[in-house]
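To start, the structure under review is shown below, and the notes come after it.
In what follows, every chain begins at residue 1, and chains take the letters A, B, ... in the order their sequences are listed. Worth saying up front: this structure is predicted, and the values here are computed from it rather than measured.
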2 protein chains.
Amino acid sequence: MSAISALALPGIPEIRPGDDLAAIIASAAEPHGAGDEDVLVIAHKVVSKSEGRLRRLAEVTPGRRAATLAAEHGKDPRHIQVVLDESRHVLRAAHGVLICETHHGFVCANAGVDASNVPGEDTVVMLPRDPDASARALRAALRERLGAQPAVIITDSFGRAWRHGQCDVAIGAAGIAPLQDWRGLRDSQGRELTATWIAVADELAAAADLARSKDAAEPVVLVRGAGRHVIGDDGPGAAALLRPETQDLFR
Amino acid sequence: MSAISALALPGIPEIRPGDDLAAIIASAAEPHGAGDEDVLVIAHKVVSKSEGRLRRLAEVTPGRRAATLAAEHGKDPRHIQVVLDESRHVLRAAHGVLICETHHGFVCANAGVDASNVPGEDTVVMLPRDPDASARALRAALRERLGAQPAVIITDSFGRAWRHGQCDVAIGAAGIAPLQDWRGLRDSQGRELTATWIAVADELAAAADLARSKDAAEPVVLVRGAGRHVIGDDGPGAAALLRPETQDLFR
């Protein structure tokens, strides 16, 4: 019999650039005894804010392409300029949304640039510059403070092709095997599992999102019972979840 | 402070066509006191098997298109014929996989036709003919037996564009609001949430998948703590998660 649980940690304040996020998360996690088999799932916005990954639109000068796209889609050209700055490619532009490939390789709406949950009317938040590095640094700093090293997953909410709505996915990870590979193994009938390659880090991100309320300022969720996916070293990170362009049928 | 938990129910035997699946699930769920606020997440294979949604390849005669595709992709033409029979369109064919739109409107590999976890070397299992109807029927039958009416979600593991690996998603649902719409509401800063529309049923499917082991024959998972998404009537089902072709940028 196996079980998992996800608990949104109370007591995380509004995060500002330069805040010691690891210390804040450690304080919130300590009463719950976060241990080596646990996973801390962290909404990227608090990571981005602590790293100063914010831009004030008043300081952005939109270029010609941003102005054109903004006019076509009824958007603020300065916001579009930030999206373009964060993008390697724009895959599609329609319905007022740009579907972008970020410099990291994530395919998502508006390159992850977002204005919600950001204080100040004209400030937008971007994804961390290197979310896997952010996850590794947080894990190391949490280990110092907790005397244990839970795995760390950093998440964002991504829309999907073909399906409505968003699911949280992993954009950074440390200490978790992001994919569980059953290919070549046997199912309960002894038959080979040919196409079973589970995006564990994304399922953890989704499970954690269910535990929190979007309006309740609960960016950190402690997940228990997924210890079989936690690894001692930091592992390949969420970058391992990116399908290379050459293997992708939908770019 | 909010929390969810997911428990894989032990004691579900191999399911055969005609088995009373609701009675079997009720027996497994009853010791855990499944109630009105709970969600039972069920891997579709047991639903498909109980409904007889199986085909013996010995009884399939491949047509010309199946023969051509099978030769190009190194597959069994009879298996490909079943995939074509289950498909409305084939969107892509590459890397030995057909990405299909099923008659229900799901976009997934091989139209959900699968040979793993099926007894008998030459038998394949298909998706339920109407997974939302299957979910509604199971919920009604569970209510009779349990004296409570947990929500029901039927799942499959789908690959994704742009990302490696599979996540479980909802293909049928009853008693759950499949999407939670925060659009137009306010975040913790009082700022409007512009693009927050959460695929709750898919996140529940993903959370449940984490609780089970693919080789342990644990098709049914009891999820607690998601009661705010459970509804008294059956609701719109997983069909509400399908993005219409006209709104989709990647078909």
Going from [atom1] on [X] to [atom2] on [Y], what distance comes out if it is rounded to the nearest 0.5 angstrom?
| X | Y | atom1 | atom2 | answer |
| --- | --- | --- | --- | --- |
| B:W197 | A:H164 | CH2 | NE2 | 4.5 Å |
| A:F158 | B:W162 | CZ | CH2 | 10.0 Å |
| B:L204 | A:L210 | CG | CG | 4.5 Å |
| A:D209 | B:E203 | CG | CD | 4.0 Å |

Engaged part of [X] at the chain B interface, taking heavy atoms whose separation is under 4.5 Å:
| X | value |
| --- | --- |
| A:A240 | backbone |
| A:L179 | side chain |
| A:A161 | both |

statement: Of A:V97, A:L242, A:D202, the largest count of non-hydrogen pairs under 4.5 angstrom with chain B goes to A:D202
task: Look at A:A170, A:C108, A:G225, A:A226 and state which one has the largest set of heavy-atom pairs under 4.5 Å with chain B.
output: A:A170
message: Please check this pair: side chain of B:R92 against backbone of A:D248, looking for a donor-acceptor N/O pair closer than 3.5 Å.
response: no
- prompt: Which bit of B:E101 is near chain A, if near means a heavy-atom gap under 4.5 Å: side chain, backbone, both or neither?
  reply: neither
message: Given heavy-atom pairs under 4.5 angstrom as the criterion, report whether the side chain, backbone, both or neither of B:L222 touches chain A.
response: neither
